[in-house]
Amino acid sequence: MKALVAPSYGPIDQLTIAELAKPAPGPGQILIKLRAAALNPLDVKLATGVLREMMPVSHPFVLGLDAAGTVEAVGEGVTRFTPGDEVVAFTHPVAGAVAEYTLALDGPEVVARPETLDPVDAAALPVAAMTAAGIVEQAGLNSGDSLLVVGATGGVGSFVVQLAAQAGVRVVATAPPSDADHMRGLGAAATVDYTSGDTTEEALRHVPGGVDVAVDLINAGLALAATAAAVKPGGLLISPAGGPPVFDREVRASYAHIEATDGLLQRIVEATASGRLRVEVSARFPFAEAQRAVAEFAGKHTRGKVVITF
């Protein structure tokens with residue numbers, strides 16, 4: 001089979017589409033023939049070696065964590081799926097998804113894809129939507145509370161905005177003017193133009209005294225302090241990246257991670273299929289142009305998701 005691989009740690013321009021052996025599903029595994037796979041910032045970090053100390057990978061390393069496709073075969077003990085079933089999967093840590101075939105574990109990481117959910121939209125869900133759901137749960141917000149989302153237009157951010165707004169939270173979302181209407185359509189009560197002013201000052205203008213919780217999907221480490229300044233004393237900042245445990249004014253920090261808990265991906269897929277959640281795919285690339293997709297995606301904050309089709 002063909003797959004997008006990094007032969008070693010290094011720059012993304014060394015990525016190549018290579019011929020690899022087609023995998024066979026072991027016990028408790030599902031072999032999926034890909035229809036679509038989505039890219040995530042984590043793919044680039046794993047391929048380039050940025051996370052080699054925390055999350056080392058073997059080479060050749062196949063990129064991709066999000067998959068939508070057709071079950072090709074199942075391993076011993078798998079009873080939920082049979083060949084021909086359409087599924088959505090989070091493939092980490094079993095195999096990479098930007099390939100003609102991939103493996104996934106039989107469990108909460110794989111769910112059936114409804115006919116009403118396009119495979120391209122389905123592939124955009126696992127990492128971004130599950131991360132967002134975990135963030136909203138960590139936030140512990142109640143109806144009427146306030147939330148600042150920095151990086152709101154991206155894959156994770158757009159789901160955070162929707163999930164929080166649906167829970168009755170007042171969401172202030174960062175967005176350029178061109179995306180302001182889109183953010184309000186997802187449920188944001190207000191938007192902050194990060195391209196022309198100070199995000200913290202603008203957020204405090206909308207919520208004097210500071211928001212209850214801020215989610216920063218862009219910054220890491222000490223750079224998170226600027227976002228923490230928009231949080232009320234004793235409030236909470238959440239980020240998927242590392243940083244200090246606490247900031248000035250006793251603003252606490254929580255560092256989110258993705259977890260495919262039982263039933264979570266199923267609920268996300270059902271909510272998207274029914275229209276309760278919207279998924280934004282900003283760009284589609286055929287598999288033959290997978291290298292270009294990563295090159296154009298790497299280091300950029302795109303609106304929604306980038307998906308590779310097969």
Side-chain angles (χ1 to χ4, degrees), residues 1-6 18-40 42-43 45-47 51-52 54-115 117 119-134 137 240 256-273 287 307-310:
M1 69 167 190
K2 291 182 172 61
L4 179 66
V5 305
E19 190 73 34
L20 300 178
K22 179 180 174 181
Q29 293 183 341
I30 299 168
L31 178 65
I32 301 168
K33 181 178 175 61
L34 269 293
R35 297 187 65 181
L39 295 176
N40 293 283
L42 181 57
D43 298 321
K45 293 177 181 179
L46 292 174
L51 298 178
R52 71 180 74 186
M54 293 182 293
M55 299 177 67
V57 301
S58 301
H59 295 98
F61 170 67
V62 181
L63 279 74
L65 307 168
D66 293 337
T70 307
V71 174
E72 178 84 359
V74 299
E76 181 182 353
V78 177
T79 59
R80 293 192 305 139
F81 299 104
T82 58
D85 290 344
E86 295 295 323
V87 295
V88 185
F90 172 57
T91 66
H92 182 77
V94 187
V98 187
E100 293 177 314
Y101 295 90
T102 191
L103 292 170
L105 292 174
D106 180 30
E109 295 89 350
V110 184
V111 301
R113 178 179 65 81
E115 290 184 4
L117 181 60
V120 170
D121 291 342
L125 291 174
V127 168
M130 288 196 296
T131 301
E137 182 178 354
H257 62 277
I258 182 173
E259 185 175 359
T261 55
D262 193 34
L264 177 58
L265 184 56
Q266 184 69 57
R267 293 192 296 273
I268 289 168
V269 166
E270 290 174 353
T272 308
F287 176 56
V307 175
I308 294 169
T309 59
F310 294 79

Check: Out of curiosity, Ile258 CD1 to Thr131 OG1, how far, rounded to the nearest 0.5 Å?
Finding: 4.0 Å
Note to self: Tell me if a side-chain donor or acceptor on Arg267 pairs with a main-chain N or O of Ala271 at a distance below 3.5 Å.
What the structure shows: no
I'd like a table of donor-acceptor pairs (distance under 3.5 Å, sequence neighbours excluded) in which one partner is a side-chain atom from residues 90-103, with atom names and distances.
{"residue": "Thr91", "atom": "OG1", "partner": "Leu65", "partner atom": "O", "Å": "3.4"}
{"residue": "Thr91", "atom": "OG1", "partner": "Ala95", "partner atom": "O", "Å": "2.7"}
{"residue": "Glu100", "atom": "OE1", "partner": "Lys2", "partner atom": "N", "Å": "2.7"}
{"residue": "Thr102", "atom": "OG1", "partner": "Gly96", "partner atom": "O", "Å": "2.6"}

Check: Please walk me through it: do Ile268 and Val88 pass side chain to side chain contact (heavy atoms under 4.5 Å, CB included)?
Finding: CA-CA 11 Å; Ile268 289 168; Val88 185; over 6 Å; no
Item checked: Min side-chain heavy-atom separation Leu39-Ile308 under 4.5 Å -> yes
Check: Can you name the closest pair of heavy atoms from Glu259 and Leu264 and give their distance?
Finding: O-CD2, 3.6 Å
Notebook entry, point to check: Minimum heavy-atom separation for Ala112 to Gln266, with atom names?
Noted result: N-OE1, 4.3 Å
Margin query: Can you tell me how far apart CG (Leu46) and CE (Met54) are? Round to the nearest 0.5 Å.
Written below: 9.5 Å
Next item on the list: Give the intermediate values and the outcome of side chain to side chain contact (heavy atoms under 4.5 Å, CB included) for residues Asp85 and Thr70.
Entry: CA-CA 6 Å; Asp85 290 344; Thr70 307; over 6 Å; no
Per-pair distances, 0.1 Å, donor-acceptor, side chain in residues 19-36, under 3.5 Å, sequence neighbours excluded:
{"residue": "Glu19", "atom": "OE2", "partner": "Met1", "partner atom": "N", "Å": "3.0"}
{"residue": "Lys22", "atom": "NZ", "partner": "Glu72", "partner atom": "OE2", "Å": "3.3"}
{"residue": "Gln29", "atom": "OE1", "partner": "Gly26", "partner atom": "N", "Å": "2.9"}
{"residue": "Arg35", "atom": "NH1", "partner": "Glu86", "partner atom": "OE1", "Å": "3.4"}

Note to self: I'd like to check Val269 versus Leu125 (side-chain heavy atoms, cut-off strictly below 4.5 Å). Are they in contact?
What the structure shows: yes
Next item on the list: Mind running side chain to side chain contact (heavy atoms under 4.5 Å, CB included) on Phe287 and Thr309 for me, showing each step along the way?
Entry: CA-CA 6 Å; Phe287 176 56; Thr309 59; over 6 Å; no
Next item on the list: Would you name the heavy atoms of Asp43 and Gly64 that are closest together and state the gap between them?
Entry: OD1-N, 3.4 Å
Margin query: More than 12 heavy atoms of other residues, nucleotides or ligands under 6.0 Å from CD of Glu137: yes or no?
Written below: no
Next item on the list: Specify the closest pair of heavy atoms between His59 and Ala6, including all atoms of both residues, with the distance to one decimal.
Entry: CD2-O, 3.3 Å
Next item on the list: Could I get the full list of side chain to side chain contact (heavy atoms under 4.5 Å, CB included) partners for Arg80, not counting sequence neighbours?
Entry: Asp106, Val110
Next item on the list: Would you sort out whether Val5 and Phe61 count as a side chain to side chain contact (heavy atoms under 4.5 Å, CB included), showing the intermediate values?
Entry: CA-CA 5 Å; Val5 305; Phe61 170 67; over 6 Å; no
Checklist line | Shortest non-hydrogen contact between Pro126 and Leu265, atoms and distance | finding: CA-CD1, 4.0 Å
